[in-house]
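First up is the structure itself, then whatever we jot down about it.
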Amino acid sequence: MSPTTLEQALQRATQQLADAGVEDAGRDARVLLGHVTDRDRAYLHAFPEVVLSDEQLVQLSELVGRRIARMPMSQVLGSREFWSLDFQVTPDTLTPRPDSETLVEAAVEQFGDEPGPSSIADLGTGTGCLLISLLTVWPQSQGLGVDLSPEALAVACNNARTCGIDERARFLEGSWFEGIEDRFDLIVSNPPYIPSPDLAGLEPEVVQHEPHLALDGGEDGLDAYRALLPQLTNYLTDEGVVVLEHGAGQGPEIEKLALEHGLVVVTNRSDLAGLRRCLVLRAE
Ligand code: GLN
């Protein structure tokens with residue numbers, strides 16, 4: 001292999017990604033190059049003439065290949081930051097999105113500082129990002145993360161360990177409240193809510209690489225809420241609060257369902273794009 005400098009590697013990777021239709025090819029190329037060389041952006045910029053090792057070149061071309069196949073950056077790198085914590089991400093877990101931080105903020109607004117809720121349940125926990133973030137906010141809280149996917153639960157367990165809250169988190173394989181008898185002060189969920197007919201129109205990163213189990217909300221996107229909402233009052237403590245994520249425009253329909261099932265709306269929140277994304281409920 002002929003010597004390749006950082007600058008050449010960056011140019012080549014950017015071109016390859018751009019040719020594959022990757023939107024922010026330059027940024028992704030820089031992040032991948034930084035990852036394989038373990039150097040930050042400033043270093044790549046300051047020392048363009050530094051030569052990559054053969055090993056680094058092989059690793060870079062492997063990562064660029066995955067990105068060309070439109071694997072999301074979170075899966076290519078194997079992790080994503082959420083709530084200033086680092087979460088392992090695999091093809092079995094939905095990538096934590098900044099919009100979902102809205103749910104953590106909404107929960108923190110409801111309970112304030114310590115001690116916070118004594119028990120928290122996260123239904124469809126995926127990477128565990130909601131539960132784990134909340135457990136880092138309130139060091140006295142205990143949490144339960146539920147998911148249908150054992151592969152996702154293994155990732156969530158690992159994330160609980162690396163975030164240092166594993167002694168306060170339990171994980172359970174199942175569908176929503178299946179096998180659960182406890183009541184919780186706080187129940188959070190980012191369930192699948194994309195209407196099935198819309199799935200195919202999502203960007204390739206999402207539709208080809210993220211778990212459909214975490215995305216597909218049935219014909220109108222509301223299947224998960226129809227399963228969850230009727231059960232919630234059985235699992236809430238007297239002062240218990242529910243914080244749910246939902247898709248654009250789904251708020252009113254979900255509110256209506258909630259009212260039919262003994263719940264009242266405490267408040268709602270919008271995401272970073274200004275779209276209503278999060279509903280806070282409690283028992284009537
Ligand atoms: N926010 C995700 C997206 O738009 C969907 C997540 C979900 O269905 N819960 O891709």
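Note that ligands are numbered from 1 as they come in the structure, with each ligand's atoms numbered from 1 the same way. The structure displayed is predicted, hence computed values, not measured ones.
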Inset, instruction - Please say whether more than 12 non-hydrogen atoms of neighbouring residues, nucleotides or ligands are located less than 6.0 Å from CD in E49. - result: yes
Legend entry - Salt-bridge criterion met for E23 and R70 (N-O under 4.0 Å): no
Legend entry - Whether A214 lies under 4.0 Å from ligand 1, heavy atom: yes
Legend entry - Within-cut-off N or O pair, R277 and ligand 1, under 3.5 Å: no
Legend entry - Gap between atom CG of L103 and atom CG of L279 - 0.5 Å precision: 10.0 Å
Legend entry - Closest approach of any protein heavy atom to atom 3 (C) of ligand 1, naming residue and atom: R97 NE, 3.7 Å
Legend entry - Donor-acceptor contact below 3.5 Å, side chain R97 vs main chain F82: no
Inset, instruction - Using a strict 4.0 Å cut-off to heavy atoms of L215, name the atoms of ligand 1 that fall inside it. - result: 5 (C), 8 (O)
Inset, instruction - Let me see the working for D147 and T125 under side-chain hydrogen bond (donor to acceptor under 3.5 Å, both in side chains), right down to the final yes or no. - result: CA-CA 6 Å; D147 209 288; T125 195; 6.0 Å; no
Legend entry - Nearest-neighbour protein heavy atom for atom 4 (O) of ligand 1, which is reported as residue plus atom name and distance: I194 CD1, 3.9 Å
Legend entry - Protein heavy atom at shortest distance from atom 1 (N) of ligand 1: Y193 OH, 3.0 Å
Inset, instruction - Look at the side chain of R183 and the backbone N and O of L236, then say whether any donor-acceptor pair between them is shorter than 3.5 Å. - result: yes
Inset, instruction - Return a yes/no value for P191: is any of its N or O atoms, backbone included, closer than 3.5 angstrom to an N or O of ligand 1? - result: yes
